[in-house]
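Structure, as structure tokens:
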Protein chains: 2
Amino acid sequence: MTIAKHPAEFDDDTPIQEVLTWRIHQVHSKLNVHASKFLERTSGIALAQWRIMLSIGPEGSTTHSEICRYIAVDKGQLSRSLKGMIEEGLVKTENDEHDQRQQNISLTRKGRRIFRKTLPLMRQRQSFLVGALSKTEHKAIFSALNKLELAAENHEFLP
Amino acid sequence: MTIAKHPAEFDDDTPIQEVLTWRIHQVHSKLNVHASKFLERTSGIALAQWRIMLSIGPEGSTTHSEICRYIAVDKGQLSRSLKGMIEEGLVKTENDEHDQRQQNISLTRKGRRIFRKTLPLMRQRQSFLVGALSKTEHKAIFSALNKLELAAENHEFLP
DNA sequence: ACTTTATTGTTGACATATCAACTAAACTGT
DNA sequence: ACAGTTTAGTTGATATGTCAACAATAAAGT
């Protein structure tokens, strides 16, 4: 059997820095830091909060479970995040008339103000990041991500 | 100002599913789940533990700070992870003769056994994932990730 | 020599993620 | 009408990530 000769040589001639899943992990982490700082400084909100606000939208109202589906966040996590956001006055909830189990969630005036301010900034940021890529890279990274996602969901490779 | 008309429409005509950083977040998360399950089932170790073992290598010995640099993990986190791994008998430490501050970390016999078993499996997994990509996509995703990483580290876009 | 600074690793505090148990309400099928 | 099942959301337990304070040692500057 062949064995990595030195720390972080994942394959005989492939240092860990060139292992795809590792790269995704690293870049994801840095993008996260970047987004969090950016949001913190421009709007004083957390990344998780921004995603939730984006799910709700400035006018609309949604429910917990819709948000969960949309941004694929754990419902427990969401419940706690929303609690914080209500305390901060970003969102408000009211019980649904027709289904006593669910709540309609919407932005408060303050939440809307922040949303309107933040959306174009986040768009600019996205343009800045994507602007670093060529057309080819841009297309390729999306289709590559799609394929990786499918492969990761595929149980074929899970014992 | 233009505003998303509906939940999760990040840009006028761009649903959140097509926002690059969001896609990276999602795919990363699924790859993480996949890797964790895979490691759990094949070797009974956690992803963080595998990364650490990979940093140490089967023969070599390293220090905390080297591992931190290598896999970019927090030193506090690493300290705790190693404590667990020592309890589980995967790694051992001994004080460095020349520098009383640092410890030399190496795999135990058991750790080596698991490492040797796991490395080829993880390579296979990587091949499986990367095998889903075309040559073009493969090249493009790496260069795209590099550029995104640079852009994210760039402070130009941080207020 | 000796004061200052930098590095190594541990620990505490706190935020975030993941998973599972639980209650209440709504739906389903008989 | 009503037993069984599903769905909505809350809460608890536990793991992981992030950040800062700290003690011990080493290295650098004077």
Side-chain angles (χ1 to χ4, degrees), chain A residues 25-37 39-40 44-52 55-56 61-88 91-105 152, chain B residues 25-37 39-40 44-52 55-56 61-88 91-106:
Chain A
H25 171 77
Q26 265 194 320
V27 175
H28 169 254
S29 152
K30 290 182 181 173
L31 286 172
N32 237 359
V33 170
H34 187 266
S36 300
K37 278 188 190 159
L39 281 169
E40 166 63 31
I45 59 176
L47 183 51
Q49 295 182 326
W50 170 242
R51 290 192 181 124
I52 291 169
S55 310
I56 303 173
S61 88
T62 350
T63 62
H64 281 227
S65 54
E66 273 190 70
I67 299 178
C68 287
R69 270 193 294 277
Y70 235 91
I71 58 177
V73 69
D74 179 77
K75 62 184 179 175
Q77 185 86 16
L78 177 65
S79 176
R80 282 179 256 250
S81 289
L82 282 174
K83 204 160 78 180
M85 293 174 79
I86 290 168
E87 278 168 20
E88 293 177 44
V91 303
K92 60 178 190 289
T93 61
E94 48 185 30
N95 294 330
D96 187 286
E97 295 176 19
H98 305 298
D99 188 336
Q100 290 302 119
R101 289 169 308 178
Q102 63 187 21
Q103 301 165 10
N104 296 318
I105 304 158
Chain B
H25 171 76
Q26 266 193 320
V27 174
H28 169 254
S29 153
K30 290 180 182 175
L31 286 172
N32 235 1
V33 170
H34 188 266
S36 300
K37 279 189 187 159
L39 280 169
E40 166 63 29
I45 59 176
L47 182 52
Q49 293 182 327
W50 169 242
R51 291 197 181 121
I52 292 169
S55 310
I56 303 172
S61 88
T62 351
T63 62
H64 282 225
S65 54
E66 274 190 69
I67 299 178
C68 287
R69 270 192 293 276
Y70 234 90
I71 57 177
V73 69
D74 179 78
K75 61 184 179 176
Q77 185 88 18
L78 177 65
S79 174
R80 282 180 256 252
S81 287
L82 282 174
K83 205 160 76 179
M85 292 175 79
I86 289 168
E87 277 168 20
E88 293 176 43
V91 302
K92 60 178 190 291
T93 60
E94 47 186 30
N95 294 330
D96 187 287
E97 295 175 20
H98 305 296
D99 188 335
Q100 291 302 119
R101 289 169 307 177
Q102 63 187 21
Q103 301 165 13
N104 296 318
I105 304 159
S106 52

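Excluded from the calculations below are hydrogen atoms, water molecules and symmetry mates; all remaining heavy atoms, backbone and side chain alike, are included. Note that the coordinates shown come from a computational prediction; the quantities given were computed from them, not determined experimentally.
- Residue A:Ser65 places at least one side-chain N or O closer than 4.0 Å to OP1 or OP2 of D:dA8.
- Not a single donor-acceptor contact under 3.5 angstrom links the side-chain atoms of B:Arg101 to the base of C:dT8.
- Heavy-atom minimum distance, B:Ile105 versus B:Thr63: CD1-C, 3.8 Å.
- Put simply, the side chain of B:Ser29 never gets that close to the backbone of B:His25: no donor and acceptor are under 3.5 Å apart.
- For the pair B:Asp96 CG and D:dA27 P, the computed distance is 10 Å after rounding to whole Å.
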Please write out each protein N/O paired with an N/O of nucleotides 15-22 of chain D under 3.5 Å, distance rounded to 0.1 Å.
| from | atom 1 | to | atom 2 | distance (Å) |
| --- | --- | --- | --- | --- |
| D:dG17 | OP2 | B:Gln77 | NE2 | 2.7 |
| D:dG17 | N7 | B:Gln77 | OE1 | 2.9 |
| D:dC19 | N4 | B:Asp74 | OD2 | 3.4 |

Side-chain donor-acceptor pairs under 3.5 Å in residues 72-85 of chain A, sequence neighbours left out?
| from | atom 1 | to | atom 2 | distance (Å) |
| --- | --- | --- | --- | --- |
| A:Asp74 | OD2 | A:Gly76 | N | 2.9 |
| A:Asp74 | OD2 | A:Gln77 | N | 3.1 |
| A:Ser81 | OG | A:Gln77 | O | 3.3 |

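- The nearest whole Å value for the distance from the CD atom in B:Gln102 to the C1' atom in D:dT25 is 10 Å.
- Residue B:Lys30 contributes atom NZ, which lies 16 Å from atom P of C:dA17 at whole-angstrom precision.
- Not one side-chain nitrogen or oxygen of A:His98 sits closer than 4.0 Å to the OP1 or OP2 atom of C:dA26.
- Look at CE on A:Met85: it is 18 Å from C1' on D:dT10, rounded to the nearest Å.
- In this structure, CG of A:Leu78 is placed 8 Å from P of D:dT10, rounded to the nearest angstrom.
- Residues B:Ile56 and B:Ser106 approach most closely at CG2-CA, 3.8 Å, considering heavy atoms.
- The OG atom of B:Ser65 lies 6.0 Å from the CD atom of B:Gln102; values are rounded to the nearest 0.5 Å.
- Within the structure, a side-chain polar atom (N or O) of A:His64 is placed less than 4.0 Å from OP1 or OP2 of D:dT10.
- Between B:Leu31 and A:Ala152, the closest heavy-atom pair is CD2-CB, 3.8 Å.
- We find that CG of A:Asn95 is positioned 12 Å from C1' of D:dA8, with the value rounded to whole Å.
- Contact record, B:Asp96 with B:Gln100: O-OE1, 3.4 Å, taken as the closest heavy-atom pair.
- The phosphate of D:dG9 has neither OP1 nor OP2 within less than 4.0 Å of any side-chain N or O from A:Gln100.
- When the P atom of D:dA26 is taken as reference, atom CG of B:Asp99 falls 5 Å away, rounded to whole Å.
- As rounded to whole Å, 15 Å separates atom P of C:dT8 from atom CG of B:Leu82.
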